[in-house]
Amino acid sequence: MQAFSDPSLFAAFYQEFQVPELPEVETTRRGIEPHIRHRTITRVIVRQPRLRWPVTPGLEQALAGQQIRQVRRRAKYLLVETGSGTLVIHLGMSGSLRILKQPQPPQKHDHIDIQLDSGDVLRYTDPRRFGAMLWLTEDPAEHPLLRELGPEPLDEVLSGDYLFEKSRGRSIAIKSFIMDSHVVVGVGNIYANEALFLSGIHPQRAAGRISLQRYQALAEQIKRVLARSIEQGGTTLRDFVGGDGKPGYFQQTLQVYGRGGKPCRACGETLKEIRQGQRSTVYCGQCQR
DNA sequence: AGAGGTACCTGGCAGC
DNA sequence: TGCTGCCAGGTACCTC
């Protein structure tokens with residue numbers, strides 16, 4: 001990430017563009033649910049239907065009059081359940097949701113408003129439009145987008161044993177392996193870099209050539225880094241009402257991500273930055289083998 | 001089947 | 001100053 005040679009620029013960038021990783025999605029769920037649960041949708045306004053996929057045609061009619069039962073999360077998908085179907089929301093790379101208590105004129109990237117009988121509005125904003133807003137009438141777990149997903153990282157199913165078994169015979173780099181949503185969901189680029197550093201595993205190592213013991217460390221670190229972020233998102237829950245709808249981010253100090261060329265916090269060695277699958281990987285050649 | 005690459009999209013920086 | 005090129009990233013999908 002050479003563009004951010006100056007740390008303050010990097011910080012400014014991430015204040016502006018908080019990539020919703022799993023902790024941010026969960027924090028968003030917790031932030032909005034109390035305001036929308038049991039409310040009835042009175043009106044839906046779609047200003048920009050061109051997201052990752054087109055917003056489901058007829059979404060406005062489908063949602064009007066529906067009462068929201070609960071908001072669940074599967075991987076980075078938010079599932080807004082009503083009596084007759086489920087609204088599936090993905091925040092993509094730059095999406096956010098917030099609750100408006102007062103009417104506010106829509107800004108450039110405010111693509112969708114969901115008005116509630118309380119007078120509140122749930123507003124979806126997404127500058128890069130990598131997000132999604134889909135209406136499903138079938139069981140969301142059976143939808144192609146959700147059907148093939150691996151276990152939640154914080155579920156006990158995700159363990160060293162699971163990763164070890166799943167990786168046998170695989171030559172793919174471990175970093176790509178843990179970012180594959182068929183293996184485990186919710187491990188984005190930032191947390192993949194961090195978890196590999198914390199467990200001392202070289203990001204390019206073949207997934208099939210890592211011992212059970214090391215996978216136990218990796219599973220533990222994935223859980224730890226995500227759980228800590230969710231915890232902090234919860235305690236710093238800021239401004240889902242009226243404000244920018246973005247959870248506090250990066251409360252925990254990043255060990256490697258965004259620090260290519262800087263000294264390793266553990267050993268002082270200069271951190272290496274490479275690209276894997278068009279994504280930035282940062283690691284310590286000394287600490288990670 | 002597995003591995004790797006591509007596309008989608010915008011804002012902001014570097015460099016000319 | 002203004003333009004162009006590049007880059008960040010999640011994830012489905014394409015190709016080999």
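Chain identifiers are assigned alphabetically (A, B, ...) following the order of the sequence lines, protein sequences preceding nucleic acid strands; residue numbering begins at 1 within each chain.
With DNA chain B read from its 5' end, the first of the two nearest nucleotides for A:Gly277 and A:Lys108 is the one closest to A:Gly277.
Rounded to a whole Å, the CZ atom of A:Arg128 is 9 Å from the C1' atom of B:dG12. Summarising the geometry, the separation between CZ on A:Arg275 and C1' on B:dG5 is reported as 13 Å, rounded to the nearest angstrom. When rounded to the nearest whole Å, the span between NE2 of A:His182 and P of C:dA12 equals 7 Å. Rounded to whole angstrom, the span from the CZ atom of A:Arg279 across to the C1' atom of B:dC8 amounts to 11 Å. The CZ-P distance, from A:Phe130 to C:dA8, rounds to 13 Å in whole Å. Atom pair A:Glu148:CD and C:dA12:C1' shows a separation of 12 Å (rounding to whole Å applied). Protein atom CD of A:Gln278 is 16 Å distant from nucleotide atom C1' of B:dC9, rounded to whole Å. Taking atom NE2 of residue A:His90 and atom P of nucleotide B:dC8, one finds them 19 Å apart after rounding to whole Å.
Closest approach to the A:Lys76 side chain among C:dG10, C:dA8, C:dA12 is made by C:dG10 (side chain taken as heavy atoms from C-beta onward). Distance from the side chain of A:Met179 is smallest to C:dG10 among B:dC9, C:dG10, C:dA8.
Between A:Tyr77 and C:dA12 there is a side-chain polar atom (N or O) within less than 4.0 angstrom of OP1 or OP2. Of the side-chain N and O atoms in A:Arg50, none sit less than 4.0 angstrom from OP1 or OP2 of B:dC8. At the phosphate of B:dT10, neither OP1 nor OP2 sits under 4.0 Å from any side-chain N or O atom of A:His109.
Between the CD atom of A:Glu81 and the CZ atom of A:Arg37 there is a distance of 9.5 Å, given to the nearest 0.5 Å.
Look at A:Arg43 and A:Glu60 and you find no salt bridge, because none of the NZ, NE, NH1 or NH2 atoms lies under 4.0 Å from a carboxylate O. Classification of A:Glu26 and A:Arg29 as a salt-bridged pair holds, one side-chain N sitting under 4.0 Å from a carboxylate O.
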| request: Report the C-alpha distance between A:Glu273 and A:Ser280 in whole Å, list the side-chain angles of each, state the deciding distance to 0.1 Å, and finish with yes or no for side-chain hydrogen bond (donor to acceptor under 3.5 Å, both in side chains). | output: CA-CA 7 Å; A:Glu273 178 154 13; A:Ser280 165; 2.8 Å; yes
| task | Give the C-alpha distance, both sets of side-chain angles, the deciding distance and a yes or no for side-chain hydrogen bond (donor to acceptor under 3.5 Å, both in side chains) between A:Ser199 and A:Gln221. | result | CA-CA 6 Å; A:Ser199 45; A:Gln221 293 303 336; over 6 Å; no
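A ring pair (Phe, Tyr, Trp, His ring centres under 6.0 Å) check over residues 49-75 of chain A, counting only residues at least two apart or in different chains, returns nothing.
Classified by interplanar angle (parallel below 30°, tilted 30° to 60°, perpendicular above 60°), the ring pair A:His111/A:Tyr124 is tilted.
At a non-hydrogen distance threshold of 4.0 Å, A:Arg170, A:Ser171, A:Ile172 from residues 166-174 of chain A come into contact with DNA chain B.
Applying the 3.5 Å distance criterion, the base of C:dT11 shares a donor-acceptor pair with the side chain of A:Arg52.
Counting any heavy atom pair closer than 4.0 Å across all strands shown, A:Leu145 reaches sugar-phosphate atoms only and no base atom.
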